[in-house]
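Presented below is the structure to which this report refers.
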Amino acid sequence: MAKKLSSKRHINGMLLVFLISLLGLSQQDTIKISSSAILATASEDPIYIHHTEQLDYIDKNTYKLSYVDHLELRTRTRNFNLNEQMLRFRAYTNFPKERKLNTTYKEESLNEGRLQGKEKLNNALKNRYKLIISLIKNQRVLRGKLELKDLLEDRISTLKKLANNLDFDYQELLEAENDLHKLRIDQVDLENNVLQSSKEIGRLLNIQGPIELEEKDLISINDIMLFVKSYSGGIDNNNFYYKQQSLNVTLAELEYKQKKASAKNPIKFFEASYRDDLNDTFRKDFSVGMGIKIPIGSAVKGSLNERVIKIVKEKNELDELKFELNESIREIVLRLDVLFDKHKLLSTILKESKEQESLKKYRSIEGISPLVLLKVKENIIKKQQIRLDLEKEIFSLYLEFLDLNGLLIRSPLVNYLNSQQIYMNP
């Protein structure tokens, strides 16, 4: 009897453990994720990694220019007699200056590849910044929309109860229902956006299940304003986009120097020849020589002119880029100034308005219409929604400001969404 009881308890215990495990699987805890963790995945972006691997391969498998450019062997038969052969062996050379310029050009080409890699890393970072901003702002807007939906449903319910009154305004009921329908449509879009952003972040971090972004260290609008107004970096060689175009100028100048050095090299080749003549000795049959270039045509000059034109073109594009970057940054700063003023004004209105006090006051009055209370609540939430829309636009322009100034990719990498602007390991 005791054995049966013990066995029964053991089976019940196993069932309890099984049920607890099922419950744990069905109710997954929300995983909190920091913005820095998401941004750090940019260094694992497949496009960036593929480019880095290609660049490493090119770096390891390209060689310096040799002293001998190429070899040439010529043979000639006299009078169709195989016993009378003429052999000529030529070695075309590269002079030291050509080799030095070629080494410099190779290094600058690798620098161009490194900058292209930085561009891909910059794009990966920018996409992750956009993902974080979108998720945070959409989550906040969605919370406000859900709260507003509850208020609209309460107002519609209250209005329907008053529908039998002679002085009832059906127009107010229709407007409230239309507002609710529009809000529900907005809610579907917001929920879908939040879901897609969450899935994408989960994919980047290899996490399954619900996630939540930590917002405690998120940079404030006031901090963004102080950063934008205090930043005076300007467009120079430290700017990522300016550096890319500046390197194009350097490569064009090196191409010109290479062509000019090749044209100035007087010796075209060294030659050793042998003529198989039975009537002569080996000393007479064997000879050495060299080829000297005498530039008298316009082919070399034309080629040099093409490279001079390319240099001028690249320099013009560099000046245009600097102007366009400065103009774009100036326009963003002007737009941000307007948004900062709007946000400050709306925050002051929400802070100094007596709507919250009025709400408490109305609640204490007996017989007050519930519609008044609901309208006061709606008014507060709608203003908060407007402020959230302003914040989303400010964050988006802030990201553009960082990108155009080349700050996203500037070493060491910084999390510009963190209030402390902490460094990240790329």
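For reference, positions follow the sequence shown, starting with 1. FYI, side chains are in, hydrogens and waters are out, and symmetry mates aren't considered; it's all heavy atoms of this structure.
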Stepwise, does the salt bridge (Lys or Arg N to Asp or Glu O under 4.0 Å) test hold for R114 with E107? CA-CA 10 Å; R114 293 184 188 104; E107 187 56 39; 3.4 Å; yes
Between R88 and E72, is there a side-chain N and carboxylate O pair less than 4.0 Å apart? no
To the nearest 0.5 Å, tell me how far Y242 OH sits from I235 CD1. 9.5 Å
Minimum heavy-atom separation for I211 to S198, with atom names? CD1-O, 3.5 Å
Would you mind reporting whether D179 and L148 have side-chain heavy atoms less than 4.5 Å apart? no
Do Q245 and N248 have a side chain donor and acceptor closer than 3.5 Å? yes
Using 0.5 Å steps for rounding, measure from the CD atom of E324 to the CG atom of L404. 11.0 Å
Verify side chain to side chain contact (heavy atoms under 4.5 Å, CB included) between D337 and K229, making sure each step is shown before the conclusion. CA-CA 9 Å; D337 285 340; K229 291 189 175 182; 3.5 Å; yes
When rounded to the nearest 0.5 angstrom, what is the spacing between CG in L125 and CD1 in I409? 5.5 Å
Got more than 12 heavy atoms from elsewhere within 6.0 Å of NE2, H50? no
Can you tell me how far apart CG (L55) and CG (D59) are? Round to the nearest 0.5 Å. 6.5 Å
Quick one: does any side-chain atom of H51 pair with a main-chain N or O of G113 as donor and acceptor, under 3.5 Å? yes
L213 vs K32 side-chain heavy atoms within contact, under 4.5 Å: no
Is there a side chain to side chain contact (heavy atoms under 4.5 Å, CB included) between D45 and K120 once you walk through the steps? CA-CA 9 Å; D45 187 77; K120 288 171 172 45; 5.9 Å; no
Taking D186 first and then K145, would you say they form a salt bridge - that is, a charged N and a carboxylate O separated by under 4.0 Å? yes
Under a 4.5 Å cut-off applied to non-hydrogen side-chain atoms, are L152 and R155 in contact? yes
Minimum-distance pair of heavy atoms, taken over all atoms of L318 and S246: CD1-N, 3.6 Å
Sub-3.5 Å donor-acceptor pair from the side chain of H181 to the main-chain atoms of E177, do we have one? yes
Looking only at heavy atoms, the pair that brings T41 and L204 closest together is CG2-O, 3.8 Å
Taking CD1 in I47 as the centre, count heavy atoms belonging to other residues, nucleotides or ligands within less than 6.0 Å. Is the count above 12? no
Tell me whether the count of non-hydrogen atoms from other residues, nucleotides or ligands lying under 6.0 Å of CG in D319 goes above 12. yes
Determine yes or no for a side-chain-to-main-chain donor-acceptor pair under 3.5 angstrom, with Y398 supplying the side chain and Y416 the backbone. yes
Walk me through whether D403 and Y129 qualify under side chain to side chain donor-acceptor pair (under 3.5 Å). CA-CA 11 Å; D403 180 37; Y129 271 106; over 6 Å; no
So Q420 and D217, side chain to side chain contact (heavy atoms under 4.5 Å, CB included) or not? Walk me through it. CA-CA 8 Å; Q420 305 300 319; D217 294 326; 5.7 Å; no
Without swapping roles, check the side chain of S328 against the backbone of L325 for a donor-acceptor pair under 3.5 Å. no
Separation between CG of N206 and CD of Q208, rounded to the nearest 0.5 Å: 7.5 Å
Are N222 and K344 linked by a side-chain donor-acceptor pair shorter than 3.5 Å? no
With a 3.5 Å distance limit and no angle check, can you tell me whether N193 reaches the backbone of D189 through a side-chain donor-acceptor pair? yes
Any heavy-atom pair between the side chains of D389 and K137 that's under 4.5 Å? no
Can you name the nearest heavy-atom pair linking F227 to L402, along with the distance? CE2-CD2, 3.7 Å
In the structure I gave you, are the side-chain heavy atoms of E53 and I49 within less than 4.5 Å of one another anywhere? yes
Is the closest side-chain heavy-atom distance between E314 and E253 below 4.5 Å? no
Hydrogens and angles aside, do Q196 and E200 bring a side-chain donor and acceptor to less than 3.5 Å of each other? no
Would you call F240 and E119 a side-chain contact if the rule is heavy atoms closer than 4.5 Å? yes
Polar side chain donor-acceptor pair, S36 to N418, under 3.5 angstrom: no
Any donor-acceptor N/O pair, S134 side chain to L131 backbone, under 3.5 Å: no
Indicate yes or no: does R140 engage E391 in a salt bridge with an N to O separation below 4.0 Å. yes
Any side-chain heavy-atom pair of K243 and L247 under 4.5 Å: no
Any donor-acceptor N or O pair under 3.5 Å, side chains S157, D154: no
Where L397 and I332 come nearest, the two heavy atoms and their spacing: O-CG2, 3.7 Å
Please check: side-chain N/O of N127 versus main-chain N/O of N123, any donor-acceptor pairing under 3.5 Å? yes
For L336 and I394, what are the C-alpha separation, side-chain angles and deciding distance, and is it a side chain to side chain contact (heavy atoms under 4.5 Å, CB included)? CA-CA 6 Å; L336 280 171; I394 288 171; 4.1 Å; yes
Regarding Y105 and Q258, do their side chains bring together a donor and an acceptor under 3.5 Å, going by distance alone? no
Shortest non-hydrogen separation from R387 to L346 and the atoms involved: N-CD2, 3.4 Å
The test is salt bridge (Lys or Arg N to Asp or Glu O under 4.0 Å); show your working for E320 and K315 and say whether it passes. CA-CA 9 Å; E320 288 176 9; K315 285 184 176 180; over 6 Å; no
Kindly say whether N405 contributes a backbone atom to a donor-acceptor pair with the side chain of N239 at under 3.5 angstrom? yes
Once rounded to the nearest 0.5 Å, what's the spacing between atom CG of N122 and atom CD of Q116? 13.5 Å
